[in-house]
Undergrad: 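Sharing a structure, written as C-alpha cells. Questions coming.
Not measured: the values here are computed from a predicted model.
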Amino acid sequence: MTEHELDVILTHHWPSVTRRAMADNSDAWVQGFVKSIARNGKRPSWRPSDRQASVMRRLVSELGQVPEAQPELIER
C-alpha cells in the first residue's frame with residue numbers, strides 16, 4: 001500500500017467504515033480491527049502489514065462505499 005493510498009483510506013474512507021462497522025453490529029473481530037486501524041493510523045510512522053492492507057481494502061469496498069441512509073426528520 002502506497003503512502004498516498006493509506007492517507008486517502010484513513011482520511012476519506014475509514015471514518016465511514018468505522019461508523020458502519022459499529023452501527024451494523026458487525027462481528028467483534030471486525031469492530032476490533034476497525035478500531036485498531038483507526039488507533040494505529042494516528043501514528044505517523046505506522047504502516048499496515050500486507051494482510052492488514054488487504055482487509056482494509058476489502059472493508060472499504062464493502063462498508064465504506066455504501067451511501068449512508070438519510071436521517072429521519074422529526075419535523076418536515
Side-chain angles (χ1 to χ4, degrees):
M1 178 176 290
T2 66
E3 189 170 334
H4 176 70
E5 183 182 9
L6 179 61
D7 286 343
V8 168
I9 287 175
L10 290 177
T11 304
H12 297 290
H13 300 292
W14 210 250
S16 63
V17 169
T18 302
R19 282 192 304 274
R20 184 73 47 127
M22 297 303 153
D24 289 350
N25 294 323
S26 299
D27 66 10
W29 186 89
V30 170
Q31 290 179 349
F33 180 81
V34 166
K35 287 190 275 188
S36 171
I37 296 300
R39 185 174 48 252
N40 287 325
K42 294 177 183 178
R43 297 191 339 234
S45 62
W46 179 79
R47 296 293 172 259
S49 68
D50 291 339
R51 185 166 181 186
Q52 286 173 322
S54 67
V55 173
M56 288 171 68
R57 287 185 187 108
R58 183 176 58 84
L59 288 175
V60 165
S61 69
E62 291 175 4
L63 301 175
Q65 302 297 326
V66 179
E68 294 185 19
Q70 293 295 324
E72 181 67 31
L73 298 177
I74 295 172
E75 296 179 18
R76 293 182 195 225

Undergrad: List the steps, then state whether side chain to side chain contact (heavy atoms under 4.5 Å, CB included) holds for Met22 with Lys35.
TA: CA-CA 9 Å; Met22 297 303 153; Lys35 287 190 275 188; 3.4 Å; yes
Undergrad: Does the side chain of Glu3 reach to within under 4.5 Å of the side chain of Arg47, using non-hydrogen atoms?
TA: yes
Undergrad: Would you give me the side-chain donor-acceptor pairs under 3.5 Å for residues 5-12, sequence neighbours excluded?
TA:
unit_1, atom_1, unit_2, atom_2, d
Glu5, OE1, Arg57, NH2, 3.1
Glu5, OE2, Arg57, NE, 2.9
Thr11, OG1, Asp7, O, 2.8

Undergrad: Could you report the tightest heavy-atom contact between Met1 and Pro48, atom names first, then the distance?
TA: SD-CG, 4.0 Å
Undergrad: By side-chain contact (heavy atoms from CB on, under 4.5 Å), which residues pair with Arg51, not counting sequence neighbours?
TA: Ser49
Undergrad: Would the distance check show the side chain of Trp14 and the main-chain N or O of Val34 forming a donor-acceptor pair, the cut-off being under 3.5 Å?
TA: yes
Undergrad: Mind listing the closest non-hydrogen atom pair of Asn40 and Trp46 along with its distance?
TA: O-CB, 3.4 Å
Undergrad: Considering residues at least two apart in sequence or located in another chain, which fulfil the salt bridge (Lys or Arg N to Asp or Glu O under 4.0 Å) criterion with Arg43?
TA: none
Undergrad: Applying side-chain contact (heavy atoms from CB on, under 4.5 Å), name anything that partners Ser54, two or more places apart in sequence or on another chain.
TA: none
Undergrad: Which heavy atom of Phe33 sits nearest to which heavy atom of Gln52, and what is that distance?
TA: CZ-O, 3.8 Å
Undergrad: Could you list the residues that satisfy side chain to side chain donor-acceptor pair (under 3.5 Å) with Arg58, not counting sequence neighbours?
TA: Glu62
